[in-house]
Amino acid sequence: MTLPADRVRAALRLLEATGAAGTGHPGGTLGAHLLRVRGRLEGWQARPALQLAGLCHAFYGTDGFAVAPLPAGERSRLVEAIGAEAEAIVYFYASCDRAASYPALDAAEPVFHDRFTGRRFVPAAQRRRDFAELTAANELDIASVDGAFRAAHGAGLLALFTRLRPLLSAAAWRDCVHVLAAPPAG
């Protein structure tokens, strides 16, 4: 499955237009982080919609990164750039209330808490798999470029991804073990 080049260009143009590409982020800039996350998903052979979501996963901010290049009320702009399926993944990822949602993600019917609306619901299995894969790609990128982050959060992330292993692709799980279980370099 080939990633549509026009969608990638549109996403990058939107990132530049919002002024967020150069925003500081662990390991450099938000723009560099988003490109690395997409690249990691590509390496795992994720489908195009998930790769596009990885490229744009922070557009509405996240529970762990407050900078929001686009307000959630402007979802149509991102839909136009990357398509409805990819944008829905981005919104779901950005809307996650992590403290409320993470503990139950591996349950048979996990209750997801939308931090934007306060809505609580049980997401479909594919949405949970996308969320787990995107979460892994995001956190592994940060752990790969920020030793202090990895030292502080690596064990907790490995525990989270071990619980979520049934939702992760084999490639994502191997990367989790490689990045988080290996002794720190240096």
message: Looking at every non-hydrogen atom in both residues, tell me the closest pair between Ala49 and Ala86 and how far apart they are.
response: O-CB, 3.4 Å
query: What residue pairs, at least two apart or across chains, pass ring-ring contact (aromatic ring centres under 6.0 Å, His included) with a residue in residues 154-176?
result: none
field: Heavy-atom check, side chain of Ile142 versus side chain of His33, under 4.5 Å
entry: yes
Nearest heavy-atom neighbours spanning Gly83 and Arg7: N-NH1, 3.3 Å
message: Tell me which pairs pass side chain to side chain donor-acceptor pair (under 3.5 Å) where either residue lies in residues 17-27, with sequence neighbours left out.
response: none
- prompt: Does Ala100 have any side-chain contact (heavy atoms from CB on, under 4.5 Å) partners at least two apart in sequence or in another chain, and if so, which?
  reply: Asp97, His113
- request: Work out which heavy atom in Ala58 is nearest to a heavy atom in Pro69; give both atom names and the distance.
  value: O-CD, 3.2 Å
Student check: side-chain heavy atoms of Leu157 and Leu140 closer than 4.5 Å: no
query: What ring-ring contact (aromatic ring centres under 6.0 Å, His included) pairs are there with at least one residue in residues 73-105, not counting sequence neighbours?
result: His57-Tyr93, Tyr91-Phe116, Phe92-Phe112, Phe92-Phe131, Tyr93-Phe131
field: Atom of Arg127, atom of Ile89 and distance for their closest heavy-atom approach
entry: NH1-CG1, 3.4 Å
message: If you define the side chain from C-beta out and look only at heavy atoms, does anything of Asp130 sit under 4.5 Å from Arg47?
response: yes
- line: Heavy atoms of Leu30 and Ala20 approach each other most closely as CB-O, 3.6 Å
field: Pairs touching residues 60-73 that satisfy side chain to side chain donor-acceptor pair (under 3.5 Å), sequence neighbours left out
entry: Tyr60-Glu87
message: Can you pull out every salt bridge (charged side-chain N to carboxylate O under 4.0 Å, His left out) where at least one residue sits in residues 18-43? Sequence neighbours excluded, please.
response: Arg36-Asp141, Arg38-Glu42, Arg40-Asp175
field: Partner of Val8 under side chain to side chain contact (heavy atoms under 4.5 Å, CB included), chosen from Leu3, Ile82, Leu35
entry: Leu3
message: Do Leu160 and Arg163 have side chains that approach each other closer than 4.5 Å (heavy atoms only, starting at C-beta)?
response: yes
query: Should Leu52 and Val90 count as side-chain neighbours, where that means a heavy-atom distance under 4.5 Å?
result: no
task: Look up atom CZ in Arg129 and atom CG in Leu50, then write down how far apart they are to the nearest 0.5 Å.
output: 11.5 Å
- prompt: Quick one: does Leu14's side chain get under 4.5 Å of Leu70's, heavy atoms only?
  reply: yes
field: Hydrophobic cluster identity match, Val179 and Val145, side-chain contacts under 4.5 Å
entry: no
field: Validation row: Glu133, Leu168 side chains within 4.5 angstrom (heavy atoms)
entry: yes
query: Heavy atoms, side chains only, cut-off 4.5 Å: are Phe149 and Glu139 in contact?
result: yes
query: Taking all atoms of both residues into account, what is the closest heavy-atom pair of Leu41 and Gly54, and its distance?
result: CD1-CA, 3.7 Å
